[in-house]
Amino acid sequence: MSGPAPASRALRRHVRRVWLTALIVLLAAPALSLAKPPPHAHGTGVMLPLAPGGSIANRTLPAPPAPHSATLPTQRPALGSALRLQTPQTFSMLWSPSVLPVSAPAFFAAAPGADAERNTLILYDSTGAWAWLGEAYAVQTGNLVSHASRYTMHPAIDYVAGEMDGYTGMIYIGSTYDEPLPTALLDDVLATDKPVLWMNSNIWQLSQRAGDFGTRFGWMPLFYNFDEALTVNYKGVALTRSALAVPSGLLQTSILDPTRAEAIATITDSNGATAPWATRAGHFTYIGEIPFSYVGSDDRYLAAVDLIGQVADPNMPDRNRALVRIEDVGPDANPNQLRRIADYLYSRGVPFSVAVYTHYKDPNGVYNDGVSVSQTMSSRSSRRVRDALQYMVARGGTLLMHGYTHQYENVPNPYSGVSADDFEFYRSHISADDYVIYDQPPAEDSAAWAQSRIAAAFAEFAASGLPTPTIFEFPHYAGSATDYQVVHQNFGVRYDRGLYAAGWCPGGACGSGTPDYTRIYGQFFPYAVRDIFGSLVLPESLGNIEPEEVNHHPPRSVQDILASAQRNTVVKDNVQSFFFHPYLPLSQLRQLVQGIQGMGYQFVSPESLKDG
């Protein structure tokens, strides 16, 4: 069949836009000490309250609980049973048969193009009720580090003397207030001249251990500040900070010696007062909070990404590249729109990609007067779409696999059961108060199930005479850990944002744990990374145009996307990457392409990023 009538198709596209904003998730977590708590999870699902910025949610991982007081501790915590390696040891002793660590360090490969000599150590907090947050923050840090360096991550309490000698830089994420840090770690940080980035808590343990910290580094940690400061200024660019992060505080620092230390990023409160947000003294950089909490599209997260990159590789290249992806193209697409897009991008010398699902389904006839629709790309009725896709390839397009049907069975998931409206690899629903809830993977989810859908999509590409895709994009950017592994085995390259679950990386050994789908979190990347599933992930960081407010998602305009692109410039080697739906006015695509080119960026093919 030819698919839904034009009026129904327009309605479907309206709904479709909603889902392409719902890509980064809020963890379903116990209540935090927040002045204004986020909407809570309903049942066993995970709610996605999204904020201004369209495709990037305002809240991803929560911040750690508020510190016990604004005043910093004056004594180091007792190590006691929290330190699992009870006796003094050295890194060489760690490998002795008589000394068995909780788990051997897990080594993660870098993305293509990274300097093979770079190797970064990531340490995180792992004790107490909020230990799962430490793992999640470390996963996000590791994903970002992989752009420029291979890395190892493990709990800070498992650090052994001399371990830092085997790395070119170190990052510590202090998410647990007064986590008992090994003396060996503090001493090695104080002794090294390698790049070190320290985030948030427990900096007082380092300053107390040093004795002369203020003299040596030229600054001191003072207290936690709980003022409503919502703007971070970095490299002359104003970045946002969610009000939800305020109750967890910002550790205030004081510059004692401007010849030794400087505030490389500042934060501004509602009265216009400024204070250091990130402080640097030589090789040592400190951020006064966890920058992975409540992340938005224009967030201070971007400053943290850049600072992480400076540890991973201080000499990484700085290339001004951009990507554009044409989204949700199925057998029901309008071939004339596809050809017009191809002609325009070709005229501007812009390579592009096309996200293709090869089986359109409307099992309940939602957009076809109650009559079921099933249309494959290889069917006779899809001939003009196939021809248009071949035309796009000839004009510089790269076809991606965007799932098989881009929907699930014959049930709303969460909307209609129709292709491009719904998830394919994850279950979801809409709450009574109009929020999107991520429930869990489908009951039948398994490696065999995921492989069967990918195999069916490959078969349709072949039967349609279309080029075999080598890059995968998850429908609505969601799948289970099993699905991500299957995709990695089939492609090795994704072009999306990652969805991760707590518990998957115990002790830093990803894949050795059981994913907890009540605590899922997403992440967007301003450049290509190799994530914890082993896949090269091509970036999509700017989102898409959203003409209307739907499901608590505000509109997102061309101007909003270009403003986000300007903020992304603070990240060295960033890739300006957005996606575009072919049913929108071509004039909007022109504005985006020309706006990004006007910033000095060159559009490249996704294939080119496979080499770094």
Side-chain angles (χ1 to χ4, degrees), residues 24 56 60 106-122 124 136-153 167-171 173 194-197 199 234-235 285 287 291-292 295 299-323 471 484 488 492-498 500 505 508 510 522-542 565 567-577 601-602 604-612:
I24 301 288
I56 302 170
T60 53
F107 302 97
F108 295 84
D115 185 342
E117 299 300 317
R118 303 301 302 182
N119 190 11
T120 303
L121 176 63
I122 300 169
Y124 63 92
Y137 296 144
V139 165
Q140 294 205 335
T141 302
N143 287 339
L144 293 167
V145 164
S146 73
H147 176 67
S149 170
R150 67 188 190 277
Y151 67 95
T152 295
M153 63 179 181
Y167 298 89
T168 54
M170 191 207 81
I171 299 172
I173 308 132
K194 297 175 181 179
V196 172
L197 174 61
M199 303 183 202
Y234 181 63
K235 293 186 177 180
T285 302
I287 298 175
F292 302 118
V295 170
D299 199 83
R300 86 283 197 216
Y301 166 79
L302 296 171
V305 172
D306 189 61
L307 294 175
I308 288 169
Q310 292 177 30
V311 174
D313 185 359
N315 300 311
M316 78 163 66
D318 191 8
R319 298 157 288 189
N320 290 349
R321 297 176 293 178
L323 293 173
I471 302 172
Y484 276 97
H488 174 64
V493 183
R494 301 197 326 268
Y495 184 174
D496 53 25
R497 306 178 182 191
Y500 310 100
C505 301
C510 294
Q523 187 177 17
F524 75 91
F525 310 110
Y527 40 47
V529 305
R530 188 180 300 281
D531 79 349
I532 58 169
F533 296 112
S535 292
L536 173 65
V537 184
L538 308 184
E540 185 281 288
S541 55
L542 300 178
R567 291 182 174 94
N568 271 259
T569 61
V570 303
V571 179
K572 188 177 183 181
D573 204 30
N574 77 90
V575 178
Q576 304 283 12
S577 180
Y601 286 78
Q602 179 181 359
V604 298
S605 72
E607 293 287 341
S608 69
L609 267 70
K610 289 182 178 180
D611 297 325

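Heavy-atom basis, side chains included; hydrogens, waters and symmetry copies ignored.
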Any donor-acceptor N or O pair under 3.5 Å, side chains Asp531, Tyr500: yes
List in chain and number order the residues that pass salt bridge (Lys or Arg N to Asp or Glu O under 4.0 Å) with Asp306, two or more places apart in sequence or in another chain; answer none if no residue qualifies.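 Asp306: salt bridge (Lys or Arg N to Asp or Glu O under 4.0 Å) contacts with Lys235.
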Can you name the residues that form a salt bridge (Lys or Arg N to Asp or Glu O under 4.0 Å) with Lys610, not counting sequence neighbours? Glu607
Considering all heavy atoms of both residues, which atom of [X] and which atom of [Y] are nearest to each other, and what is their separation?
X: Val529; Y: Ala111; result: C-CB, 4.0 Å
X: Ala138; Y: Ile173; result: CA-CD1, 3.8 Å
X: Asn143; Y: Ile532; result: OD1-N, 3.2 Å
X: Pro539; Y: Phe525; result: CB-O, 3.1 Å
X: Tyr151; Y: Val145; result: CB-CG1, 3.9 Å
X: Cys510; Y: Phe108; result: SG-CZ, 3.7 Å

Residue pair [X] / [Y], side-chain heavy-atom distance below 4.5 Å:
X: Met199; Y: Pro291; value: yes
X: Val604; Y: Leu323; value: yes
X: Tyr601; Y: Thr569; value: yes

Among Asn119, Thr120, Thr152, which residue satisfies the side-chain hydrogen bond (donor to acceptor under 3.5 Å, both in side chains) criterion with Tyr167?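 Checked Asn119, Thr120, Thr152 against Tyr167; only one passes side-chain hydrogen bond (donor to acceptor under 3.5 Å, both in side chains): Thr152.
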Across all chains, not counting sequence neighbours, the side chain to side chain donor-acceptor pair (under 3.5 Å) partners of Tyr301 are Gln523
Taking Val575's backbone N and O only, do any of them form a donor-acceptor pair with Arg321's side chain (distance below 3.5 Å, no angle check)? no
His147 and Tyr527: aromatic ring centres closer than 6.0 Å? yes
Kindly indicate, with the supporting measurements, whether the criterion side chain to side chain contact (heavy atoms under 4.5 Å, CB included) is fulfilled by Val311 and Lys194. CA-CA 9 Å; Val311 174; Lys194 297 175 181 179; over 6 Å; no
